[in-house]
> 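Below you'll find the structure I mean.
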There are 2 protein chains.
Amino acid sequence: MSRTTPQRQAIRDALAGAGRPLSPNELLDLAQDEIPKLGMATVYRTLSLLVEEGEAVAVELPGEPPRYEHRSAAEHHHHHFRCDSCERVFDVEGCPGNMKGMLPKGFSLRAHHITLFGTCDECAKKAG
Amino acid sequence: MSRTTPQRQAIRDALAGAGRPLSPNELLDLAQDEIPKLGMATVYRTLSLLVEEGEAVAVELPGEPPRYEHRSAAEHHHHHFRCDSCERVFDVEGCPGNMKGMLPKGFSLRAHHITLFGTCDECAKKAG
DNA sequence: CTAGTTGCAAAGCATTTGCCTGTGG
DNA sequence: CCACAGGCAAATGCTTTGCAACTAG
């Protein structure tokens with residue numbers, strides 16, 4: 001059975017507390033505040049485990065390696081925003097919907113991903 | 001200056017003739033019909049060159065390495081559809097637009113990507 | 001106790017680069 | 001002729017795996 005270890009707890013906590021999708025590196029940095037010797041391999045292994053358990057969800061963005069967010073964020077339909085400046089990713093609410101009109105004849109739709117790109121509020125402030 | 005070689009010509013032709021975004025591997029296969037000894041390194045080097053020249057455009061999809069499409073496809077705003085079954089990617093016309101309403105307060109929008117997932121017409125027919 | 005976990009180092013893979021030979025202009 | 005290109009093989013960077021030591025239950 002799957003054990004509760006300090007490493008896993010630190011990773012779970014970081015994910016749950018972030019409120020946005022985190023990259024494996026961001027996760028390593030955050031979790032190392034708790035467990036300084038934590039290795040990247042453990043982060044990857046724990047992420048696979050959390051995804052299997054349904055505790056975390058992979059967030060795939062165009063042109064970037066996957067990030068991961070806590071189950072609570074994934075429970076409702078949402079999309080993502082990536083800041084050009086700080087490169088952080090945020091969840092965004094709402095959806096234009098009605099994407100069936102875009103389909104070529106004979107194609108059927110199962111899902112859609114929308115990614116917005118621009119500047120987040122913090123970076124906008126810094127830039128003046 | 002940049003030279004015209006049989007390798008580059010084969011790659012250009014494959015891209016121009018495809019009518020949809022191609023992965024480096026698809027491109028290698030197609031171009032090897034013309035130049036059997038063509039190497040992957042040349043495909044990658046030529047793609048960078050074509051992108052610099054504006055002859056080709058990189059198409060980034062969530063969770064996948066970039067594909068490339070001919071300039072002619074990129075001249076107008078469009079999005080992409082990926083078939084779950086054959087894994088090919090197609091261009092789709094139209095756009096729900098008005099994505100600004102989704103932005104959190106203080107965020108500004110520069111661009112958006114939409115990717116549709118489902119089954120293409122050919123695969124739908126095969127599946128009956 | 002002892003099977004599941006971890007850290008470290010080595011292995012994988014797709015992409016990129018270095019180097020020497022070949023060739024377009 | 002000779003600077004640019006191409007093929008091959010080695011290097012890279014991120015992710016995964018192997019393995020011996022460690023620890024939760």
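The figures that follow rest on heavy atoms only: side chains count, while hydrogens, waters and symmetry mates do not. As the structure is a computational prediction, the values presented were derived from the model and not from experiment. First the proteins, then the strands, lettered A, B, ... as listed; each starts at 1.
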> When all nucleic acid strands are considered with a 4.0 Å heavy-atom cut-off, which category describes A/Pro65: base, sugar-phosphate, or nothing?
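If one applies the 4.0 Å heavy-atom cut-off, A/Pro65 turns out to touch the sugar-phosphate alone, with no base involved.
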> Between B/Phe81 and A/Phe107, what is the ring plane arrangement, given parallel below 30°, perpendicular above 60°, and tilted in between?
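It falls in the perpendicular class, over 60°.
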> Rounded to the nearest Å, what distance is computed from the CZ atom of residue A/Arg8 to the P atom of nucleotide D/dC22?
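Atom-to-atom, A/Arg8 to D/dC22, this comes out as 19 Å.
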> Students often get this wrong, so: under 4.0 angstrom with heavy atoms, is B/Ser48 touching a base, only sugar-phosphate, or nothing?
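The residue B/Ser48 makes no contact with any strand.
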> Round to a whole Å and report the spacing from CD of A/Gln9 to P of D/dG25.
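Taking atom P of D/dG25 as the reference, CD of A/Gln9 is at 11 Å.
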> A/Ile11 CD1 to C/dG7 P: how many Å, rounded?
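Taking atom P of C/dG7 as the reference, CD1 of A/Ile11 is at 8 Å.
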> What is the separation between atom CE on B/Met40 and atom C1' on C/dC13, rounded to the nearest whole Å?
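After rounding, the reported distance stands at 11 Å.
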> Distance check needed: D/dT16 C1' versus A/Asn25 CG, whole Å only.
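Checked: the CG to C1' distance equals 15 Å.
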> Under 4.0 Å between a side-chain N or O of B/Arg3 and OP1 or OP2 of C/dT23?
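For C/dT23, neither OP1 nor OP2 has a side-chain N or O of B/Arg3 closer than 4.0 Å.
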> Find the distance B/Glu64:CD to D/dC14:C1' and express it as a whole number of Å.
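Roughly 18 Å, once rounded to whole Å.
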> Which atom names give the shortest non-hydrogen contact between A/Gly63 and B/Glu60, and what distance separates them?
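Smallest heavy-atom distance, with atoms named: CA-OE1, 3.2 Å.
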> Going by the angle between their ring planes, with limits at 30° and 60°, are B/His79 and B/His112 parallel, tilted or perpendicular?
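Rings of B/His79 and B/His112: tilted, as their planes differ by 30° to 60°.
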> Using a heavy-atom cut-off of 4.0 Å across all strands, would you classify A/Arg45 as base, sugar-phosphate, or nothing?
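Base contact.
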> For C/dT23 and B/Gln7 - does any side-chain N or O of the residue sit under 4.0 Å from the phosphate oxygens OP1/OP2?
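No, outside the criterion.
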> Would you mind telling me which of D/dG7, C/dG7, D/dA5 lies closest to the side-chain atoms of B/Ser2?
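Nearest to the side chain of B/Ser2 among the choices is D/dA5.
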> Would you kindly give the CG-to-C1' distance between B/Leu28 and C/dC13, to the nearest whole Å?
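Going from CG in B/Leu28 over to C1' in C/dC13 covers 16 Å.
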> I'd like to know if the side chain of B/Arg82 and the backbone of B/Thr115 have a donor-acceptor N/O pair within less than 3.5 Å.
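Flag not set: sc B/Arg82 to bb B/Thr115 has no pair under 3.5 Å.
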> With a 4.0 Å cutoff (strictly under), does any side-chain N or O of A/Thr5 reach OP1 or OP2 of C/dT6?
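Result: yes.
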> In whole angstrom, what separates A/Ile35's CD1 from D/dC22's C1'?
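These atoms are roughly 14 Å apart.
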> For A/Glu34, which residues count as a side chain to side chain contact (heavy atoms under 4.5 Å, CB included) partner, sequence neighbours excluded?
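Checked A/Glu34 against side chain to side chain contact (heavy atoms under 4.5 Å, CB included); matches are A/Ala10.
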> Pick the nucleotide of DNA chain C nearest each of B/Pro6 and B/Ala41; which residue has the one closer to the 5' end?
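So the residue in question is B/Ala41.
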